[in-house]
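Written out below as structure tokens is the structure these notes cover.
Every number for a ligand or one of its atoms is a count from 1 in the order of the listing. All values below come from the heavy atoms of this structure, side chains included, with hydrogens, waters and symmetry mates left out. Note that the numbering runs from 1 along the sequence shown for the chain.
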Amino acid sequence: MKEINKSTQSIWAGERDQLAFGATQVPVVHSVSFGYDDMDEWYKVATGQKDGHIYGRNTNPTVQAFEDKIRILEGAEAATSFSTGMAAISNTLATFLFPGDRVVSIKDTYGGTNKIFTEFLPKQQVEVVLCETGDHEAIEKEVAKGCKVLYLESPTNPTVKITDIARMAKAGKDAGALVIVDNTFATPINQQPLDLGADLVIHSATKFLGGHADALGGAVCGSKDLVEKIYHYREINGATLDPMAAYLLLRGMKTLKLRIDKQCENALTIAKYLKSVDVVESVFYPGLEDHPNHDIAKQQMSNYGGMLSFAVKGGVDTVRHLLPKLQYANKAANLGSVETVVGPSRTTSHVECTPEERAAMGIPEGLIRYSAGIEDVDDLINDLEQAFQSLPKHLFANS
Ligand SMILES: *Cc1c(COP(=O)(O)O)cnc(C)c1O
């Protein structure tokens, strides 16, 4: 049969196996345990010889539907889920990294991920090397010296830098490293890292997958062999996805393709508009032809995503005046939701970092992260326009 398209997969994948009583929707199974009158059957399920559920920390039917949906969308053999995106990242790294191991990554990973690399892994005697994001030669050089894990994120948060995943995956493979990609910003609609050669794909499902900012969750997809190891770490350590959250994520994912297409369209239109605004110093969006790695993005992504960022003249003072004026944007730390969300990077993705650390990462203090929602783009642009018009001119007179 012809391969099923993403829009159809978003709706149907993973659901049928979990339906009960003729229901057309996956039930929220709020049972902590699953009982058996037949001791032999119980034993078989408990020892993995038969499909079924035993205890909610391990598996649950609603959670399994979520895992199947993301697994199919990513084109993976297996998937497991987590209570949050950070749990997916920390549990995956903890599954494979031990004292004496070496991990290579980039400077611009998500703020929480960066903290794992700079604060927690070094305490476990894991050597961490963070390369300049987008400096492919530097990454190749470090990987060739030998490493257990090559960890990537593309596009990055918040300056939407792009890394050539296929090229880096090859470097990783050549060095015998496990290649892990955080695909939260692109989603499987726009980018499929496993097809590009990665071993594992990680998601914060909290963002675009759920898409409604009402549930936390995470996922990891890859080969059965690798995912089983990560699942084992998670089932024992306990960062399990809650069934109600799994249901909300599943429900959100039905419209994934529709939402992502609209968010990409809105983001590109807004990025182009922002380039025409005087107060705006710079605009970061991989869909803009002047983005330093636009060509790589064009090659490995089917569209450029709903995330962009821009720096304003006058820095933090301008941000302080501008953002409260926006009527159709939540001023909040999340992203990827149906409503537009804005926030300064210094209070959102990189709040854990010092101003010096942010500067070293190329994040101006006046940078605004903009997660385009699915509103009418004319309304979003009018909203931005009136906010820019309202700025007191003295703020950026000298800049
Ligand atoms: C939000 C985010 C995470 C962490 O996810 P949580 O669900 O908040 O724990 C990881 N990576 C990226 C790229 C993110 O945007």
Side-chain angles (χ1 to χ4, degrees), residues 63 66 70 74 80-94 105-120 130 133 151-163 165 180-191 193 198 200-221 230 234 237-242 244-246 248-249 252-253 260 263 267 284 286 301 304-309 330 332-337 341-345 347-353 361 363 367 369-372:
V63 170
F66 165 75
I70 183 62
E74 283 290 3
T80 192
S81 59
F82 299 86
S83 52
T84 64
M86 281 314 301
I89 294 165
S90 61
N91 285 20
T92 300
L93 292 172
S105 188
I106 51 175
K107 286 187 183 164
D108 289 57
T109 50
Y110 176 72
T113 311
N114 183 264
K115 276 291 160 207
I116 294 185
F117 287 140
T118 55
E119 185 178 337
F120 293 102
L130 301 183
T133 309
Y151 185 98
L152 300 171
E153 197 182 308
S154 181
T156 56
N157 196 352
T159 48
V160 286
K161 290 182 189 161
I162 301 290
T163 299
I165 296 172
I180 305 175
V181 177
D182 181 333
N183 204 28
T184 299
F185 268 35
T187 81
I189 301 300
N190 288 332
Q191 174 172 281
L200 290 166
V201 176
I202 294 191
H203 278 283
S204 167
T206 314
K207 312 292 173 54
F208 288 98
L209 293 185
H212 293 72
D214 56 3
L216 292 157
V220 178
C221 307
I230 302 165
R234 192 267 286 157
N237 286 277
T240 304
L241 180 61
D242 181 78
M244 190 62 212
L248 290 168
L249 296 172
M253 283 166 80
I260 297 298
Q263 284 169 305
F284 306 91
M301 302 177 78
Y304 305 100
M307 295 301 301
L308 61 118
S309 59
N330 280 331
N334 69 301
L335 59 94
S337 189
V341 187
V342 295
S345 293
T347 33
T348 57
S349 60
H350 289 73
V351 68
E352 295 95 342
C353 306
M361 295 165 105
I363 299 170
L367 191 74
R369 186 174 75 179
Y370 192 99
S371 170

*asked:* Between Ser90 (side chain only) and Met86 (backbone N and O only), is there a donor and an acceptor less than 3.5 Å apart?
replied: yes
*Do you know the tightest heavy-atom contact between Tyr110 and Glu153?*
N-OE1, 2.7 Å
Any protein N or O within less than 3.5 Å of an N or O in ligand 1? List each pair with its distance, or say none.
residue	atom	partner	partner atom	Å
ligand 1	5 (O)	Ser204	OG	2.9
ligand 1	7 (O)	Gly85	N	2.8
ligand 1	7 (O)	Ser204	OG	2.9
ligand 1	7 (O)	Thr206	OG1	2.6
ligand 1	9 (O)	Gly85	N	3.1
ligand 1	9 (O)	Met86	N	2.8
ligand 1	11 (N)	Asp182	OD2	2.7
ligand 1	15 (O)	Lys207	NZ	2.7

*Between the side chains of Glu74 and Asn183, is a donor N or O closer than 3.5 angstrom to an acceptor N or O?*
yes
*Donor-acceptor contact below 3.5 Å, side chain Asp242 vs main chain Met244*: yes
*asked:* For a quick test of reading the model, state the closest non-hydrogen atom pair linking Lys161 to Asp108 and the distance between them.
replied: NZ-OD2, 3.3 Å
*Among Ile106, Thr163, Val160, find the one that has a side chain to side chain contact (heavy atoms under 4.5 Å, CB included) with Ser154.*
Thr163
